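All values derive from a computational prediction rather than experimental measurement. We count ligands from 1, going down the list as the structure has it; atoms in each ligand are counted the same way. Residue numbers count from 1 along this sequence.
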Amino acid sequence: MATKSIELFALDGKIGLVTGAARGLGRAMAAGLAGAGADLLLVDVLEDTLAQTASDIRNETGRRLDHLSTDLGNTGALESIVAACVDRFGRLDILVNNAATTVRKPFTEITPEQFDRIMAVNAKAAYFLSQHAARQMIRQNTGGKIINMASLTSEIGMPNITAYGASKGGVYALTKGLAVELAAHRICVNAIAPGFFVTDLTSPVWDSADKRAWIQSRIPLGRPGSPDDIVGTAIYLASAASDYLTGRVIFLDGGWMAS
Ligand SMILES: NC(=O)c1ccc[n+]([C@@H]2O[C@H](COP(=O)([O-])OP(=O)(O)OC[C@H]3O[C@@H](n4cnc5c(N)ncnc54)[C@H](O)[C@@H]3O)[C@@H](O)[C@H]2O)c1
């Protein structure tokens, strides 16, 4: 029985596509999914780091790892990413829309160009990559899993990242809408909303002792997340263990939103 239960989380034979996989939470999720048995196409704009990450995970897990360097802000390139995955692996079962960017500035100082870039990478790319992935999953008629990356700012305000928050509010709504639209095709769509994790994205915050202390004081578990803390939730959402879960945003935040 114990063996059978753990098999619910196995990803053997599954093909996944992870964006923003070169570093940070994307890298950790990619390593976790490959560790659970999935073969993966990793996508990122950081070409050299991405190639190194793919090589590292391949060596660690023995899975098939391929990588594609592209800028997700280029909407016209998104269809070719799914096509590349199908070309290389024959199918697509799991999409992780993880890549994101931000500009830390007061609301009054953000330019239309900065706003458009944040929206294009964080929300528009997730929308259209999901569209191309869903079309492929529907053609396969195998069901599928889409995992989006939301944020505390999907639900609450924080200073200097209001444009980012607007994009993550969009990801929250996208998750709900897609879950309803794709349920008939057995495609489950959920999101992870990380609290504060120590990555390059949040380094400007960690570099400030005052901000670090303020954040830590608001986390009931008493520490920020490390990339490894996201792996279990990612495997759960990618696997058969979550086949009856769709349209949920899981706040993975050490208790922040509960307090
Ligand atoms: N770290 C946190 O505390 C935190 C909190 C809430 C949400 N998140 C979300 O988690 C996800 C991962 O964040 P992270 O902390 O690992 O950030 P990170 O900056 O370390 O990693 C993001 C990755 O996305 C890639 N990327 C950015 N723009 C891209 C583009 N245009 N095309 C292709 N790739 C691009 C980057 O090169 C990088 O490898 C993001 O969606 C972020 O919004 C993170």
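- Contacts between F196 and ligand 1 below 4.0 angstrom, taking non-hydrogen atoms only, involve the backbone exclusively.
- Between G26 and ligand 1, no N or O atom pair is found at a separation short of 3.5 Å.
- Counting heavy atoms closer than 4.0 Å to ligand 1, residue K168 contributes side-chain atoms (C-beta onward) but none from N, CA, C or O.
- By the 30° and 60° cut-offs, the orientation of the rings of F9 relative to Y236 is tilted.
- If you check each of T70, T199, T53, N98 against atom 41 (O) of ligand 1, the one with the closest non-hydrogen atom is N98.
- Listed by number with element, the atoms of ligand 1 under 4.0 Å from a non-hydrogen atom of F197 are 1 (N), 2 (C), 3 (O).
- Heavy-atom contacts of A150 reach the following atoms of ligand 1: 7 (C) (cutoff under 4.0 Å).
- A donor-acceptor pair is defined here as one N or O able to donate and one able to accept, closer than 3.5 Å; such a pair exists between the side chain of D93 and the backbone of I15.
- Both L11 and I192 are part of a single hydrophobic cluster, where members link through side-chain heavy atoms under 4.5 Å apart.
- In terms of protein heavy-atom proximity, atom 16 (O) of ligand 1 is nearest to L25 N, 2.8 Å.
- Between D71 and R117 there is a salt bridge, since at least one side-chain N of the basic residue sits less than 4.0 Å from a carboxylate O of the acidic one.
- Remark: ligand 1 atoms within the under-4.0 Å shell around heavy atoms of Y164 are 6 (C), 7 (C), 8 (N), 9 (C), 42 (C), 43 (O).
- Residue-level proximity to ligand 1 for L72 is carried by backbone and side chain together, each with a heavy atom below 4.0 angstrom.
- Judged by distance alone, with hydrogens and angles left aside, the side-chain atoms of R64 form no donor-acceptor pair with the main-chain N or O of F89 at under 3.5 Å.
- Distances below 4.0 Å separate heavy atoms of M149 from the following atoms of ligand 1: 10 (O), 11 (C), 41 (O).
- Remark: D229 engages R223 in a salt bridge, criterion side-chain N to carboxylate O under 4.0 Å.
- When all heavy atoms of A22 and T49 are compared, the closest pair comes out as O-CG2, 3.7 Å.
- Under a 4.0 Å criterion applied to the non-hydrogen atoms of T202, ligand 1 contributes the atoms 1 (N), 2 (C), 3 (O).
- Atom numbering of ligand 1 starts at 1 in the shown order; those under 4.0 Å from a heavy atom of G24 are 16 (O), 20 (O).
- Of the heavy atoms in R117, only side-chain atoms (C-beta onward) come closer than 4.0 Å to ligand 1.
- If you look at A21 next to ligand 1, there are no close heavy atoms at all, none under 4.0 Å.
- Tracing side-chain contacts under 4.5 Å through hydrophobic residues (I, L, V, M, F, W, Y), one never reaches V45 starting from M149; they form parts of separate clusters.
- When L201, T102, D71 are ranked by how near their heavy atoms come to atom 31 (N) of ligand 1, first place goes to D71.
- Minimum heavy-atom separation, A238 to K145: O-CG, 3.5 Å.
- Side-chain polar atoms of T53 and R27 form a donor-acceptor pair below 3.5 angstrom.
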